[in-house]
Amino acid sequence: MLIGVAMIVIASCLMGRTRIILLNGTGRELRVLTARIPGEQCAFEKVPVHGRVVCQGRANGDGDLFIDLEFTDGSKVQLGTGAFVNPLFGLRGVVTVNADGGVSLEWD
């Protein structure tokens with residue numbers, strides 16, 4: 001019985017976790033790359049071309065994943081990914097920010 005309770009506790013801790021790998025495919029270095037889900041934000045500075053960073057957390061509500069870019073020349077872009085996140089299911093995958101200003105998503 002104790003093993004069953006432990007498995008339920010571990011599963012509930014893992015469910016809803018968000019783990020996103022962000023890839024810079026813009027062709028330019030990013031001064032700041034930010035990923036935002038409801039209640040969480042991960043910001044990374046000086047992300048090189050083809051650089052990879054990992055954002056982990058847990059959403060505290062329903063909403064979408066947004067990506068904010070700030071380039072070294074000071075220009076800024078906000079991208080909506082259309083990826084839905086909630087506290088129960090979370091989100092796991094790879095997000096590539098493309099040179100054309102779009103994003104590609106691959107789910108784990």
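Since the structure is predicted, the reported quantities are computational estimates derived from the model, not experimental observations. Heavy atoms only: backbone and side chains are in, while hydrogens, waters and symmetry mates are out.
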### Task
Measure the spacing between CG of Leu91 and CZ of Arg58 and express it to the nearest 0.5 Å.
13.0 Å
#### Entry: Euclidean distance, Thr18 OG1 relative to Leu65 CG, rounded to 0.5 Å
8.5 Å
### Task
Indicate the atoms forming the closest heavy-atom contact of Thr81 with Leu105, along with that distance.
O-CD1, 3.7 Å
### Query
If you round to the nearest 0.5 Å, how far is CD1 of Ile67 from CZ of Arg36?
9.0 Å
### Query
Looking only at heavy atoms, what is the nearest atom pair of Gly80 and Val103, with distance?
O-CG2, 4.3 Å
### Message
Could you see if Phe66 belongs to whatever hydrophobic cluster contains Val32? Use Ile, Leu, Val, Met, Phe, Trp, Tyr and a side-chain cutoff under 4.5 Å.
### Response
no
### Query
Rounded to the nearest 0.5 Å, how far does CG of Asn86 lie from CG of Asp62?
5.0 Å
### Summary
Applied to residues 45-92, the disulfide (SG to SG under 2.5 Å) test, sequence neighbours excluded, yields Cys42-Cys55
### Query
Is Val49 isolated, or which residues cluster with it under the ILVMFWY side-chain rule of less than 4.5 Å, directly or via members?
none
### Contacts of Thr26 that satisfy side chain to side chain donor-acceptor pair (under 3.5 Å) - sequence neighbours left out
Asn24
### Within one Ile-Leu-Val-Met-Phe-Trp-Tyr cluster: Val95 and Val53, side-chain cutoff 4.5 Å
yes
### Set of salt bridge (charged side-chain N to carboxylate O under 4.0 Å, His left out) partners for Asp64, sequence neighbours left out
none
### Message
I need the minimum non-hydrogen distance between Gly101 and Leu79, along with the two atoms involved.
### Response
O-CD2, 2.8 Å
### Task
Taking side chain to side chain contact (heavy atoms under 4.5 Å, CB included) as the test, write out the residues that go with Asp73, two or more places apart.
Arg28, Phe71, Ser75
### Query
Closest heavy-atom contact between Ala59 and Val85?
CB-CG1, 3.6 Å
### Task
Only counting residues at least two apart or in another chain, list the ones meeting side chain to side chain donor-acceptor pair (under 3.5 Å) with Glu106.
none
### Task
State, to 0.1 Å, how close Gln56 and Glu40 come at their nearest heavy-atom pair, and which atoms those are.
O-OE1, 4.3 Å
### Atom of Thr34, atom of Gln41 and distance for their closest heavy-atom approach
CG2-CG, 3.5 Å
### Summary
The reported gap from CG in Asp68 to CG in Leu30 (rounded to nearest 0.5 angstrom) is 11.5 Å
### Message
Between Leu22 and Val97, is there a side-chain heavy-atom distance shorter than 4.5 Å?
### Response
no
### Task
Would you kindly confirm whether Leu23 and Ile20 end up in one hydrophobic cluster when ILVMFWY residues are joined by side chain heavy atoms under 4.5 Å apart?
no
